[in-house]
Amino acid sequence: MTAVAAPSLDLSARVARVAAVALEHARRTDDEAVFQVEALAELRASGLLGLLVPVAHGGLGGGPADLIDCAESLARADLSVALIFAMHCQQVAVLARYGGEELRDTLLPRIAAGERYLASVTTAPGSGGHLLSAAAPLRETGDGLLIERFAPIVTGGAHADGFLLTMGSPGGSAPGQVCLVYADRAQLLITESGQWQPMGMRASHSVALRLTGTVPGHQLIGGPHGFREISLALFSPLAHLGWAACWLGAAAGALSRVAALVRSPAGRQRIDHRSELLLTRLARARHRIDAVHALLRHAQHTVERGGDLSAAPVQMLLNGLKVTAAESCRQAVEELIDAVGLRHGYFKDSATYLERVLRDLRSAALNYHNDRLDLADGRLVLLDRSVTHVAG
Ligand SMILES: Cc1cc2nc3c(=O)[nH]c(=O)nc-3n(C[C@H](O)[C@H](O)[C@H](O)COP(=O)(O)OP(=O)(O)OC[C@H]3O[C@@H](n4cnc5c(N)ncnc54)[C@H](O)[C@@H]3O)c2cc1C
């Protein structure tokens, strides 16, 4: 196994290559609602699929800050590609921390080499997005662990080389007993169903799959009832950091393109750059973006510090990040559409592509529904009557 250089040395060049490819194919893949295979190929070639793989296993050994930097940069080009990347990294981090030695030793070097792109299977029919309920149980048979699972929405599911799936714990009787299991594509019979024709995030190609197969016992991650702890300590915190970074990048990219348009000679002919209404709207968009950035970095430092991430103030911070980023990034783009008007705000062929970014960002509140997090946080607010702040 070869150790590679520290990620900070060359991350930006790797990300810039992927972002350029993502941008080149973004319009077509959005029109056709197809996966960005070109960007995935570049992610594989760039080594970025191994961003969170430890150096000892051949990866780049990055952490949450690197994930945020990369996801934000990719989202400036295309939000679907950024989400594909962030969700893959979340699966890798879980595998690296909670996978058993045999699984880590076989899988992590292959991820680092760009041979394994991982998808996430948590949503289940009936329970929607609720993470700690999984209708289909994992069954122990004489041959191993039997997976029979319908997954209504799997980002990149038709292209993933492996899957981390939540299932009911083997032998578990209570609905909250959930486990996490890894399955390689080669170990599964996979049937795709339905059509992928959403409003936005069209290049994420998040399809419905039926997955059936048997995997050896060592592919269970974190024990038979292990997902609750994994979710609180790593899976959900990284999801919220990664998603927020993606949405922030999409909004920041939109503002950057609008500022460039307004200052360009062509833009100056159409848009009055001294208009107080325009300047106020630009300022508001910027304030929303800066607020999400500050919250994201505060949450990142909290996660990096470790400790008990299940404590009520930390949970509220992480949930609040997700909800605030989902709302504020979309609102910032709405502000920009009002600022530049029909031609550059609403038409598909504008170089600002605000129309696509707005459609993409509309999914943010639904991707683990904000309502669920608000409800959970409302309960926590009542437990934390003194309103404890998480130290910066
Ligand atoms: C672009 C995109 C990509 C995705 N990729 C994946 C993926 O790769 N893998 C995966 O597993 N999932 C994925 N998801 C699914 C996502 O994470 C959510 O789990 C899913 O969107 C929830 O679906 P839902 O809105 O139907 O369900 P729910 O969250 O159940 O929401 C349905 C309705 O129930 C209401 N509701 C919410 N909470 C409660 C509550 N506590 N009590 C009562 N009612 C409530 C909501 O207001 C909402 O109206 C993706 C989603 C998106 C948008």
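Read the numbers this way: they start at 1 and go in the same order the structure lists the ligands and their atoms.
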Subject >> N or O contact, Val154 vs ligand 1, cut-off under 3.5 Å >> reply: no
Original post:
Going by the atom numbers of ligand 1, which of them fall below 4.0 Å from some non-hydrogen atom of Ser120?
Top reply: 7 (C), 8 (O), 9 (N), 10 (C), 11 (O)
**OP:** Output the list of atoms in ligand 1 that are nearer than 4.0 Å to some heavy atom of Leu375, sorted by atom number.
**Re:** 40 (C), 41 (N)
Original post:
Is any NZ, NE, NH1 or NH2 atom of the basic residue among Asp290 and Arg297 found under 4.0 Å from an Asp or Glu carboxylate oxygen of the other?
Top reply: no
Original post:
Any chance the side chains of Arg257 and Tyr353 put a donor and an acceptor closer than 3.5 Å?
Top reply: yes
**OP:** Please confirm whether Trp243 comes within less than 3.5 Å of ligand 1 when only nitrogen or oxygen atoms on both sides are compared.
**Re:** no
**OP:** Classify the contact between Met201 and ligand 1 as side chain, backbone, both or neither, using a heavy-atom distance cut-off of under 4.0 Å.
**Re:** side chain
Original post:
Of all the heavy atoms in Ser206, does at least one lie under 4.0 Å from an atom in ligand 1?
Top reply: yes
Original post:
Would you say Thr155 and ligand 1 have an N/O pair spaced under 3.5 Å apart?
Top reply: yes
**OP:** Have a look at Asn367, Leu165, Val207 and point out the one with the heavy atom closest to atom 51 (C) of ligand 1.
**Re:** Asn367
Original post:
Between Arg44 and Asp161, does at least one N-O distance fall below 4.0 Å, as a salt bridge requires?
Top reply: yes
Subject >> Pair Arg343 + Asp349: basic N to acidic O under 4.0 Å >> reply: yes
Would you be so kind as to tabulate the donor-acceptor pairs closer than 3.5 Å made by side chains of residues 16-26, with sequence neighbours excluded?
| from | atom 1 | to | atom 2 | distance (Å) |
| --- | --- | --- | --- | --- |
| Arg17 | NE | Glu42 | OE2 | 3.2 |
| His25 | ND1 | Arg28 | NH2 | 3.1 |

Original post:
Salt-bridged, Arg116 to Asp184, with N to O below 4.0 Å?
Top reply: yes
**OP:** Check ligand 1 against Tyr368 and write out every atom of the ligand that is under 4.0 Å from a heavy-atom position of the residue.
**Re:** 16 (C), 17 (O), 18 (C)
Subject >> Pair listing, salt bridge (charged side-chain N to carboxylate O under 4.0 Å, His left out) test, anchored in residues 358-370, at least two apart >> reply: Asp30-Arg359, Glu355-Arg359
Original post:
What are the atoms of ligand 1, with element, lying closer than 4.0 Å to any heavy atom of Asp371?
Top reply: 46 (C), 47 (O)
Subject >> Part of Thr122 within contact of ligand 1 (heavy atoms, under 4.0 Å) >> reply: both
Subject >> Euclidean distance, His240 NE2 relative to Asn319 CG, rounded to 0.5 Å >> reply: 5.5 Å
